[in-house]
Amino acid sequence: MSAGAATSPFAEDQDTFWHTTTHIMAQAVCRLFPNTRYAIGPTIDEGFYYDFDVVRNFLPEDMAKIEEEMKKIVEENHTVEHMSWTKGEALEFFEKHGQAFKAELIRDLPGSEVSIYRQGEFTDLCRGPHLKRTGLVRHFKLLTFAGAYWRANEKGPRLQRIYGISYQDKKNLLEFVRRREEAEKRDHRRLGVELDLFGMDETLGGGLVLYHPKGSAMRMVIEDFLKRAHRKLGYQYIFSPHMANANLWKISGHYENYKENMYFTQIEEQEFGIKPMNCPFHIQVYRSHLRSYRELPIRYFELGTVYRFERSGVLHGLLRVRGFTQDDAHIFCREEQLTGEIEGVLDFVQSVLNLFGFSYTVGVGTRPEKFMGDPELWDRATAALRSALDAKKIQHEIHAGDGAFYGPKIDVALKDALGRSWQGPTIQVDFNLPQRFGLEYVSDDGSRKTPVMIHRAILGSLERFIGCLIEHYAGDFPVWLSPIQVRVIPVSAEAAGAFPAEVMDGLRARDIRADVDEREESLGKRIRAAELEKIPVVAVIGNREAQARSVNVRRRGKKDQEVLSLTDFVEQICREAMVPDGAINP
RNA sequence: GCCAACGUAGCUCAGACGGUAGAGCAACGCACUCGUAAUGCGUAGGUCGGCGGUUCGAUUCCGCCCGUUGGCUCCA
């Protein structure tokens with residue numbers, strides 16, 4: 001909502017513009033579909049939507065009809081009138097017109113009066129502000145329609161939502177459309193196929209990822225980077241199995257609180273659950289012997305592959321899958337170490353995201369409806385998270401009820417090409433699982449105490465992170481991440497002789513991912529193929545280079561070339577291929 | 001899971017009132033031996049997502065299922 005809303009019922013900022021456009025859309029829908037009940041029509045980050053209950057489902061061709069009707073309403077140039085009605089008046093009006101949703105909203109509003117806007121025959125309950133006339137809306141476009149639920153309740157009435165966008169200038173609308181098209185080209189699902197990084201196979205089932213060799217190469221680079229960074233920061237690497245007896249999940253509370261997201265199987269009359277999280281395993285490692293306060297904090301790290309049942313409709317490329325690998329760690333510490341540990345994790349998260357150049361937003365998820373443990377412990381855990389964020393001066397929102405069932409969390413959201421947010425890094429404070437598992441350490445006075453646990457992931461899931469990474473770089477990965485770092489192309493087999501193979505072997509000996517394209521195709525065609533594969537460095541070798549033991553280096557997207565001696569070239573590439581983890585300070 | 005749309009060759013897409021399907025790119029083969037984003041010619045490749053139903057006959061019509069896409073709900 002704009003800041004001007006409180007002072008004037010009319011304004012002209014972007015938000016107001018969208019808001020009036022959505023009213024025009026609702027008016028058009030009401031004209032075309034008699035007895036439409038309109039629900040809510042807010043503005044969003046980019047554009048607006050309105051939810052309707054209409055006799056029949058919208059069809060794709062309805063979109064154009066609604067746009068046509070909207071154009072008429074704009075041409076009719078209705079004055080937008082602002083009124084203040086008593087709740088009684090408003091209720092009577094909307095009930096008389098069969099607008100049950102509006103009546104329900106009015107009943108739930110505080111105060112005795114409600115704000116009403118009217119344009120022509122269309123009257124809506126609305127806080128405003130609005131444009132003064134419908135004629136001020138010029139360039140708009142309806143984007144998509146989709147199902148929605150009244151008041152986000154999936155058991156409640158199903159509504160139909162139409163999304164749209166509008167601008168004062170046609171230029172801006174065209175720019176918006178162009179940006180969306182650009183974003184589609186960066187879509188990781190599209191690039192995943194084009195660059196042969198990964199695949200999903202219908203035969204395997206939805207939400208299960210197959211990494212092809214090139215995607216695997218990237219993943220290994222990231223895994224190696226993570227392992228090194230964690231070692232540097234005092235984490236110990238561990239491994240745990242993919243499933244465990246249901247008893248483990250009963251102790252951890254997953255059986256009670258997370259069962260609907262888990263896969264179970266029966267073996268020799270014993271029930272087993274495939275792991276949706278790694279924490280109970282790490283806890284069992286902690287429990288393997290008695291701990292002293294001197295040992296704490298203990299930090300266990302694992303690239304743990306977990307499986308969670310996700311409803312079929314929510315799966316989305318790599319960004320939402322059913323099997324994924326977390327860069328997961330659990331820190332066991334004394335309560336007084338908690339804030340310091342959280343701050344350390346925050347530093348870790350920030351340095352990694354900065355390394356990749358991601359922008360992100362931070363939220364704190366508080367106690368959900370389905371939770372376990374003592375609310376007082378929840379408050380202490382939440383306070384610890386917030387004070388660490390404050391100490392680091394990290395701006396954050398509160399996401400009420402978004403915590404895990406065992407504790408509150410800091411969630412860091414990354415954005416995909418279309419601006420949608422995806423949760424990546426997460427830091428969760430947990431007083432509950434240590435209690436449930438009876439974890440202890442011997443404190444300096446000899447007494448037994450319960451440690452506190454931090455669950456945390458730096459990237460979140462490798463699948464999701466790689467998906468975001470593909471979109472972030474639009475497939476133009478820096479040399480250190482590129483699946484193929486150097487492609488060697490002989491101008492012709494005879495002219496170059498054995499030298500291209502020597503160059504490739506030299507690079508491979510230095511751990512550079514290099515290959516050679518010695519197909520009997522034109523040079524132009526092979527250069528083009530390398531460009532389409534988004535290979536960052538192409539080394540062309542003809543007889544000039546072969547004789548001088550040099551390479552002609554062409555960089556991705558650049559036409560001009562550079563001739564380097566083989567040794568200089570290898571040194572240069574090795575420098576660029578180094579994983580830039582210097583940023584991770586111990 | 002819900003609402004809607006979609007599923008034709010590895011990829012991008014044509015196509016037919018219901019009579020078992022094509023194009024470009026990729027792949028493969030032959031010729032060309034080539035200096036920085038597509039050399040030419042040729043070959044092969046499809047249970048038209050799966051299963052049922054209607055029909056003399058279904059890839060086309062109907063139903064169910066699977067998968068995908070955009071949202072909703074839910075979440076890394």
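The structure displayed is predicted, hence computed values, not measured ones. Note on naming: letters A, B, ... go to the chains in the order of the sequence lines (proteins, then strands), and numbering restarts at 1 for each one. These numbers come from the heavy atoms of this one structure, side chains and all, not from hydrogens, waters or symmetry mates.
Between A/Leu315 atom CG and B/rC75 atom P there is a gap of 15 Å when expressed in whole angstrom units. To the nearest angstrom, C1' of B/rU69 lies 12 Å from CZ of A/Phe145. Straight-line distance from the CD atom of A/Gln160 to the C1' atom of B/rC2: 12 Å, rounded to whole Å. Rounded to an integer number of Å, the gap from CD of A/Glu533 to P of B/rG10 is 19 Å.
The side chain of A/Ala148 lies closest to B/rC72 when the candidates are B/rA4, B/rC75, B/rC72. Of the candidates B/rG71, B/rU69, B/rC2, B/rG71 carries the atom nearest the A/Tyr163 side chain, counting heavy atoms from C-beta on.
Taking the P atom of each, B/rG52 and B/rG15 are spaced 29 Å apart, rounded to whole Å. Across B/rG22 and B/rG45, the matching P atoms stand 13 Å from one another, rounded to whole Å. Taking the P atoms as reference points, B/rC62 lies 15 Å from B/rC17, given to the whole Å. The P atoms of B/rU60 and B/rG19 are separated by 11 Å, rounded to the nearest whole Å. Remark: the separation of the C1' atoms in B/rG46 and B/rG10 is 12 Å, to the nearest Å. Straight-line distance between the P atoms of B/rA21 and B/rA26: roughly 26 Å, to the nearest whole Å. Only the P atoms considered, B/rU8 is 16 Å distant from B/rC51, to the nearest whole Å. For the C1' atoms, the distance linking B/rC65 with B/rU20 amounts to 24 Å, nearest Å.
A distance of 6.0 Å or more separates the ring centres of A/Phe48 and A/Tyr50. Centroid-to-centroid, the aromatic rings of A/His472 and A/Phe358 come within less than 6.0 Å. Ring-centre distance between A/Tyr406 and A/Tyr258: not below the 6.0 Å cut-off. Between A/Trp249 and A/Phe281, a ring centre-to-centre spacing shorter than 6.0 Å is recorded.
Nucleotides of RNA chain B nearest to A/Ser312 and A/Arg189 differ in position, and the one nearer the 5' end is that of A/Ser312.
Within the 4.0 angstrom heavy-atom criterion, only backbone atoms of the sugar-phosphate kind lie near A/Arg420; the bases stay farther away. A/Thr426 comes within contact range of no nucleotide atom at all, as no heavy-atom separation falls under 4.0 Å. Using a 4.0 Å heavy-atom criterion, one finds that A/Arg161 contacts the sugar-phosphate atoms exclusively. A/Gly147 comes within contact range of at least one nucleobase, with a heavy-atom separation under 4.0 Å. No engagement by A/Tyr49 is indicated, since no non-hydrogen atom pair under 4.0 Å with the nucleic acid exists. Heavy atoms of A/Lys155 sit nowhere under 4.0 angstrom from any nucleic acid atom. Residue contacts shown for A/Val306 are absent, as no nucleic acid heavy atom lies under 4.0 Å away.
Between the side chain of A/Tyr149 and the base of B/rG71 there is no donor-acceptor pair of N/O atoms closer than 3.5 Å. A donor and an acceptor atom never sit less than 3.5 Å apart when one is taken from the side chain of A/Arg526 and the other from the base of B/rC34. Scanning atom types as modelled, one donor and one acceptor separated by under 3.5 angstrom connect the side chain of A/Arg311 and the base of B/rU73.
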If a protein heavy atom is under 4.0 Å from the base, mark B; if only from the sugar-phosphate, S; if neither, -; do that for nucleotides 35-42 of chain B going 5' to 3'.
BBBBB---
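One finds no side-chain N or O of A/Asn57 lying less than 4.0 angstrom from the OP1 or OP2 phosphate oxygen of B/rC3. When the side-chain nitrogen and oxygen atoms of A/His316 are compared with OP1 and OP2 of B/rG70, one or more of them lie within a distance under 4.0 Å.
Judged by the 6.0 Å and 45° rule, A/Lys65 forms no cation-pi pair with A/Phe33.
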Verdict with reasoning, A/Lys141 to A/Glu67, per salt bridge (Lys or Arg N to Asp or Glu O under 4.0 Å)
CA-CA 7 Å; A/Lys141 187 177 171 64; A/Glu67 283 187 348; 5.5 Å; no
After noting the C-alpha distance and the side-chain angles of A/Tyr163 and A/Glu46, does the key distance pass the side chain to side chain donor-acceptor pair (under 3.5 Å) rule?
CA-CA 10 Å; A/Tyr163 288 89; A/Glu46 282 209 302; over 6 Å; no
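By the 4.5 Å heavy-atom criterion applied to side chains, A/Asp327 and A/Phe301 are counted as neighbours. Contact of the A/Gln561 side chain with the A/Val563 side chain is not registered, since no non-hydrogen atoms from C-beta on lie closer than 4.5 Å.
A/Lys185 and A/Glu182 are joined by a salt bridge, as a carboxylate oxygen and a charged side-chain nitrogen come within less than 4.0 angstrom of each other. Under a 4.0 Å N-O distance rule, the pair A/Glu562/A/Arg555 does not qualify as a salt bridge.
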What's touching nucleotides 28-30 of chain B from the protein side, N or O pairs under 3.5 Å?
none

